[in-house]
Amino acid sequence: MSEEQKQADNRARATTDELRAFIREDWAPRRPTAEAEAPAAAYAAARRAVLSAAYPKQRVVVPAGGLKVRSNDTDYVFRPHTAFAYLTGLGADREPDAVLVLEPLDEGGHEAVLYFRPLAERDSDEFFADARYGEFWVGARPSIEDVELELGLTARHVDGLVDAVAKDAGEVTVRVVRDADTELTARLDAARVANGAAEEGLQESDDALAHEISLLRLCKDEHEVEQMRQAVAATAEGFEAMIAALPDAVGNGRGERWLEGTFGLTARHRGNGVGYDSICAAGDHANTLHWIKNTGEVREGELVLIDAGVEVDSLYTADITRTLPVDGTFTDAQREIYDAVYAAQEAGIAAVRPGARFSDVHAAAIRVIAEHLHAWGLLPEGVSVEDTLDKEHGQYHRRWMVHGTSHHLGLDVHDCALATREEYMDAELKPGMVLTVEPGLYFKADDLKAPERFRGTGVRIEDDVLVTEDGCENLSAAMPRSADDVEAWVRRVQGR
């Protein structure tokens with residue numbers, strides 16, 4: 001359910017019966033918003049079938065979520081809950097307050113029903129007077145017929161949702177994706193209990209559903225892989241736009257924001273927007289892992305670490321990092337660090353193959369990081385590479401690379417987050433999984449254990465990798481990675 005907006009009466013306009021009658025007159029027939037089934041519809045139906053098989057004779061409820069108030073009477077741009085997008089195929093800003101219900105059938109299986117707010121008729125006040133939902137204000141929504149054609153399921157008005165979901169909750173197990181819409185969940189909890197469900201079991205039952213949907217997303221189908229390819233391609237365009245804009249970022253001041261805005265333009269033009277807040281971290285800011293303030297200067301002679309991804313309209317996102325020399329050339333010290341990270345990433349990518357453990361990717365990359373730190377003499381006296389890799393008594397190398405090397409990627413930048421450690425870190429890699437490989441080295445400006453030549457320099461290289469039947473494919477391989485290739489990339493894009 002959408003959050004309530006505060007409505008002031010200081011800007012209200014008179015609405016007379018005469019105006020209502022006048023507005024109702026002389027409109028051409030509406031055009032349908034859908035002319036054929038959406039390309040994602042068949043894939044979403046297949047995903048629902050897998051979920052249906054996991055919960056026979058049970059009612060499954062997956063809300064999209066509602067509008068969130070940004071300030072006063074304005075909302076944030078709506079993004080549907082990931083589980084809803086996965087199981088319906090709807091992306092972008094569709095459909096606030098909608099709820100997917102898998103209704104159990106007597107003969108087995110489920111009927112997919114989408115409860116949503118359809119287009120209002122032109123004789124309603126909503127049509128012209130409702131600034132949040134009205135067609136005059138925010139554009140036309142689809143009709144029930146549009147949704148049924150587009151998604152290949154049954155559509156109904158959202159007003160009938162609560163009664164339909166809770167009507168026989170004492171006889172039929174009803175499961176809800178709770179975090180998608182906490183206010184709606186509270187209403188459904190009350191309705192379920194009122195209709196005979198046991199209150200003490202609701203949370204556990206619902207959590208199991210959310211966990212199951214998260215697991216289903218670990219391996220991507222062919223439609224999802226194609227969406228990932230599109231997200232990566234759009235992200236590559238955004239990076240080239242930022243490289244072209246580096247001189248302006250230096251010259252105009254507050255250059256991190258200039259780069260962020262440049263990428264954001266590409267993201268909004270080529271997709272739904274950014275998949276997460278872009279990190280445009282110049283100089284020592286690169287050593288703050290989630291630097292999203294982007295308030296700093298971009299200076300010649302320094303590096304800028306850019307971690308950014310375009311989220312396409314289907315809501316699948318890329319997640320790519322490149323560390324670029326602002327003036328196009330690495331210094332000797334910068335290249336020394338960069339080459340170490342590149343070698344670690346090469347080792348990590350080489351470890352991505354079916355049958356390997358997810359954790360093997362980090363193990364391969366971090367060993368190379370540890371070997372370089374040891375060779376530079378940065379580990380404590382007497383500590384070997386094997387000593388620091390010891391998980392019980394070592395880990396000294398984490399001073400300079402505290403994060404993991406990989407995470408799953410898809411509809412969420414940190415995808416499948418509800419999987420357990422056994423299902424995630426300790427699980428075997430399988431074809432269709434998409435993961436990042438992103439080692440780094442970070443030497444803060446005030447780190448007295450770091451060599452002076454390294455201080456204030458941070459480097460990360462990140463690519464999006466698809467597990468294939470016999471190995472892996474680097475989806476972002478077209479974006480240069482080695483130090484020589486990055487320098488040539490900057491020169492080419494800037495026409496130098």
Side-chain angles (χ1 to χ4, degrees), residues 33-51 62-65 76-96 98-100 112 114 116 139 141-142 146-153 155 177 180 213-214 216-238 263-278 308-320 407-417 432-436 464-466 473 475-476:
T33 62
E35 297 181 355
E37 189 171 275
Y43 294 96
R47 298 166 200 157
R48 293 195 298 269
V50 175
L51 193 63
V62 186
Y76 287 103
V77 174
F78 177 70
R79 185 189 190 277
H81 189 273
T82 295
F84 178 88
Y86 178 72
L87 293 167
T88 63
L90 289 174
D93 57 355
R94 301 179 62 192
E95 294 282 332
V99 181
L100 173 69
L114 188 75
F116 79 111
R141 294 191 305 276
D146 289 330
V147 165
E148 291 185 333
L149 174 60
E150 180 184 6
L151 302 183
L153 43 62
V177 176
I213 297 172
S214 195
L216 291 180
R217 303 202 329 265
L218 282 169
C219 291
K220 275 59 180 175
D221 59 37
E222 61 181 357
H223 177 76
E224 293 179 285
V225 171
E226 175 56 28
Q227 296 306 301
M228 294 300 302
R229 292 187 191 281
Q230 291 181 21
V232 168
T235 300
E237 288 186 23
F263 186 80
L265 171 61
T266 301
R268 283 294 282 170
H269 183 250
R270 293 278 275 111
N272 189 50
V274 294
Y276 52 95
D277 287 333
S278 300
V310 172
E311 178 184 86
V312 291
D313 289 333
S314 61
L315 303 184
Y316 288 84
T317 185
D319 180 8
I320 296 169
H407 57 79
H408 282 276
L409 183 67
L411 281 167
D412 293 337
V413 66
H414 296 139
D415 213 26
C416 312
M433 290 181 171
V434 178
L435 56 142
T436 65
D464 302 341
V465 178
L466 168 68
E473 176 190 352
L475 299 177
S476 44

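The figures here come from the full heavy-atom set of this structure, side chains too, leaving out hydrogens, waters and symmetry mates.
- For Gln230, the side chain to side chain contact (heavy atoms under 4.5 Å, CB included) partners are Glu226, Gln227, Val312, not counting sequence neighbours.
- Residues Arg79 and Asp93 are not in side-chain contact: their nearest non-hydrogen atoms beyond the backbone lie 4.5 Å or more apart.
- Residues Ala36 and Leu149 approach most closely at N-CD2, 3.9 Å, considering heavy atoms.
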Using a 3.5 Å cut-off and no angle test, enumerate the donor-acceptor pairs between side-chain atoms of residues 271-278 and protein atoms at least two apart in sequence or in another chain.
residue: Asn272; atom: ND2; partner: Glu311; partner atom: OE1; Å: 2.8
residue: Tyr276; atom: OH; partner: Asp307; partner atom: OD1; Å: 2.6
residue: Tyr276; atom: OH; partner: Ala308; partner atom: N; Å: 3.0
residue: Tyr276; atom: OH; partner: Ala308; partner atom: O; Å: 3.2
residue: Tyr276; atom: OH; partner: Gly309; partner atom: N; Å: 3.4
residue: Tyr276; atom: OH; partner: Asp319; partner atom: OD1; Å: 2.7

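- Smallest separation of non-hydrogen atoms from Ala92 and Pro80: O-CD, 3.2 Å.
- Atom CG of Leu151 is separated from atom CZ of Arg48 by 7.5 Å, given to the nearest 0.5 angstrom.
- Side-chain contact between Leu475 and Arg229 is present, with heavy atoms from C-beta onward closer than 4.5 Å.
- Looking only at side-chain heavy atoms (C-beta outward), His408 and Leu218 come within less than 4.5 Å of each other.
- Annotation: the span from Tyr86 atom OH to Ser214 atom OG amounts to 10.0 Å, rounded to 0.5 Å.
- In this structure, Phe263 and Thr235 approach most closely via the heavy-atom pair CE1-O, 3.8 Å.
- Lys220 and Asp415 are joined by a salt bridge, as a carboxylate oxygen and a charged side-chain nitrogen come within less than 4.0 angstrom of each other.
- For the residue pair Asp412/Thr82, the side-chain donor-acceptor check at 3.5 Å is satisfied.
- With values rounded to the nearest 0.5 angstrom, Leu90 atom CG is found 6.5 Å from Glu95 atom CD.
- Atom CG of Leu466 and atom CG of Leu435 lie 9.0 Å apart (nearest 0.5 Å).
- Counting heavy atoms from C-beta on, the side chains of Arg94 and Glu150 come closer than 4.5 Å.
- At a threshold of 4.0 Å, the pair Asp146-Arg141 does not count as salt-bridged, since none of the basic side-chain nitrogens sits closer than that to a carboxylate oxygen.
- Residue pairs meeting the salt bridge (Lys or Arg N to Asp or Glu O under 4.0 Å) criterion with at least one partner in residues 38-47, sequence neighbours excluded, are Arg47-Asp221.
- Between Asp464 and Ile320 the shortest heavy-atom distance is OD2-CG1, 3.6 Å.
- Closest non-hydrogen pair, Phe116 versus Pro142, comes out as CE1-O, 3.5 Å.
- Using modelled atom types, one finds a donor on one side chain and an acceptor on the other under 3.5 Å when comparing Glu224 with Tyr316.
- From Cys416, atom SG reaches atom CG of Leu409 across 9.5 Å, with rounding to the nearest 0.5 Å.
- Between Phe84 and Ala98 the shortest heavy-atom distance is CZ-CB, 3.8 Å.
- Relative orientation of the His414 and His407 rings is perpendicular, given thresholds of 30° and 60° on the angle between their planes.
- Distance OG/Ser476 to CE/Met228: 9.0 Å, rounded to 0.5 Å.
- Looking at Val310 and Thr317, their side chains never come closer than 4.5 Å, going by heavy atoms from C-beta outward.
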